[in-house]
Amino acid sequence: MSIIFHERSREFHLFNDSVSYIIKILPNDQLGQLYFGKRIHDREDFGHLLEFANRPMTAILQDYGFSLEHVRQEYPAYGTTDFRLPALEILQEDGSRLTNFAYESHRIFGGKPGLSGLPATYVQEDEEADTLEVTLRDKLLDMRLVLLYTIFNKEGAIARSARFENHGRKPVQITRAMSLSLDLPDCDYQWIQFSGAWSRERQVKTRRLEQGIQAVSSQRGHSSHNHNPFIVLKRPEADEFSGEVMGFSLVYSGNFLAQAEVDTYNVTRVMLGINPFAFSWKLEQGETFQTPEAVMAYSSAGLNAMSQTFHRLYRSRLARGVWRDKARPVLLNNWEATYFDFDEDKLVEIARAAKEDGVELFVLDDGWFGSRSSDSSGLGDWYANRDRLPGGIKGLSEKIEALGMKFGLWVELEMVNPDSDLYRQHPDWAIQTPGRMPSQGRNQLVLDFARNEVVDHIYDRIEEILAESKVSYIKWDMNRSITECYSQAFPADRQGEIFHRYILGVYSLYERLIERFPQILFESCASGGARFDAGMLYYAPQCWTSDDSDAVERIKIQYGTSFGYPVVSMGAHVSAVPNHQLCRNTPLETRGNVACFGAFGYELDLKKLSDEERRIVRQQIAFVKEYRQVLQFGTFYRLQSPFEHNIAAWMAVSEDKRTAVAGYYKILNDVNCEFRRLRLSGLDPDLKYDVEGMDNWFYGDELMSAGLVTTDASAGQAVPGQFCTDFWSKLYVLKARGE
Ligand code: GLA
């Protein structure tokens, strides 16, 4: 058992080989935080880590010197002696917001309970993790607060969440309920956030933590392009390969807040949870409210090790279903090939060419249903457009399967165009505030997924199509943020619940479809990467990383995404040039070399390529098929950042360390440049590796310490026949010799 309770000192120590987490029941029976970091020896009493001092202008709770303002806590409340922002806030009938949740009991058990209706990491065997459940009680309100902590035995990671139970006779309004709060004893950290906008998602932004509040959040109803519900704190000297790093990830897809408040005593309070802005949840007697889960990971060996913890955990104990551990099919999506301009014959011809080159899955994107011939109508009318597809989805999917490929389909189930039969029949099913003009985004409104009947209707429509057709893959899109948030089905005092109820509705629809069609591979998408979050990975094991398919932009986007999410979860496609987002021309090889570190595919009409380009495509597909196990499921290392260098590099290493692929990307070409080496990582120091294309072998330790010589034709003068260009790249394939 990796959780110990010391009765005399009233301390909990959660630990495994890599991390320790220590909680103490404070003198006032609230919970204090003593330590989170590298594994330390257990001992009976860590009480010395709880320090008291008599500080002027401090409100004192009990004994002289005991003020919550100066105590590190587990799940703090505001209103007594702590003036920092709290983890919880509960508005009561008399207008008070004071609470006092004091220790009542606890349970320690093997395994990990699920969270009803919410995505969460899980275990397959109880031996994989241990859980501590601490129950605290507010006597006056007769409410319980249950804090859950699960420590994974083989990962430096702890999953946390909180549950509120109202046993009292009066209803309350929860206005703040974080998933995780962690007080750290100092602030000597850099904060890393992953921010951007449409087509430039998850750019790495680093700054020093300072006194005051730094935060990222979403108020858009989805996790958003703009900020990601994942942040990192690292020691200033920590880098990809060494030093102390903590990652905090919220397993949630709606409005979130990720924040660090540094007080003027340099204590850092990290918080992650549902965004309290515009949130409230009414809890009647007998009702419970469960927060989403947050996962925190600690690494004493730098950023790569932290990311690898999230990769392993999210790949194998958050993602589910038959596709979880399977190499992903090479797909071709018709969006950038045709946009809305297609009919069945055109699609079949595109698919036929794709099949010739080795593509395994053909995906029909937007435009196949209702009156949808542009983005101004048809959303919500989930029946096939028979003018374009005479045999419906059933007929087309059969034709695609007859070619020897699988068939996939795009949907955007959460949305409705005002110009649709669905909206004409049920205008009240769209989210809008009575008396106010509903804003449109992409000519569409958001369906009120807080209402069960709306979710039921959409389920019935799509279930019918999927049941009669041969659909192996779904791309689930979501193309606008929520505005004028209001549900006509809920009373005034429940309007603060709608954002959260909406995302619970999305989760429930996913759950029902997954259960009904367990063979289908789901890929989430929200105008590209506006919902690339851990919550979605529980339902859809891969996500369209960005609408930006330009290879050079994708290096940054995939690099940034890799901090918190596994490579296999990143949908990554080769598209046409000039690129449709940037008008940039990049070599086809580079487009493939970037996309192959992901769930690989194409986003173009292969028939429009030259014979030489088709030859390259065939090679790319053959390469991905041969190496996708290591590319998608290998241990991933970031080697050189595109945010800091003209040359970016990363690599994936197989579990047995016998195969590795390194991606090397030179953004702009140079001339008469230096001799170059790339220090690799994750290899077996004692194995001899052959590098494809080089007539020499190298020990793993040499490749990791002296480096692989990567000098290219731009060192010195260009030699005829040997050249590189802007946006040039290369894959290095390494294979170990012998047994
Ligand atoms: C969004 C998606 C694209 C494509 C279009 C279709 O923008 O991100 O990949 O599916 O919608 O309308």
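Each ligand, and each atom within it, is numbered from 1 in the order the structure gives. Bear in mind the structure is a predicted one, so any value in this text is a computation, not a measurement.
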Report task. Determine yes or no for a side-chain-to-main-chain donor-acceptor pair under 3.5 angstrom, with Asn255 supplying the side chain and His500 the backbone. Result -> no
Query raised in the report: Donor-acceptor pair, Asp365 side chain versus Trp410 backbone, under 3.5 Å?
Result: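 No, because the side chain of Asp365 does not come within donor-acceptor range (under 3.5 Å) of the backbone of Trp410.
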Report task. For ligand 1, list the protein residues that place a heavy atom within a distance below 4.0 Å of one of its atoms, sorted by chain and number. Result -> Trp335, Asp365, Asp366, Trp410, Arg442, Lys475, Asp477, Asn479, Cys525, Ser527, Gly528, Trp544, Asp547
Report task. Keeping to residues at least two apart or across chains, list the ring-ring contact (aromatic ring centres under 6.0 Å, His included) pairs with something in residues 383-403. Result ->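 Found none.
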Query raised in the report: More than 12 non-hydrogen atoms from neighbouring residues, nucleotides or ligands closer than 6.0 Å to NZ on Lys607, yes or no?
Result: yes
Report task. Examine Phe310 together with Tyr565 and report whether their ring centres are nearer than 6.0 Å. Result ->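 So the answer is no for these two rings.
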**Report entry** Distance flag, aromatic centroids of Trp382 and Tyr459, threshold under 6.0 Å
**Finding:**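 So the answer is no for these two rings.
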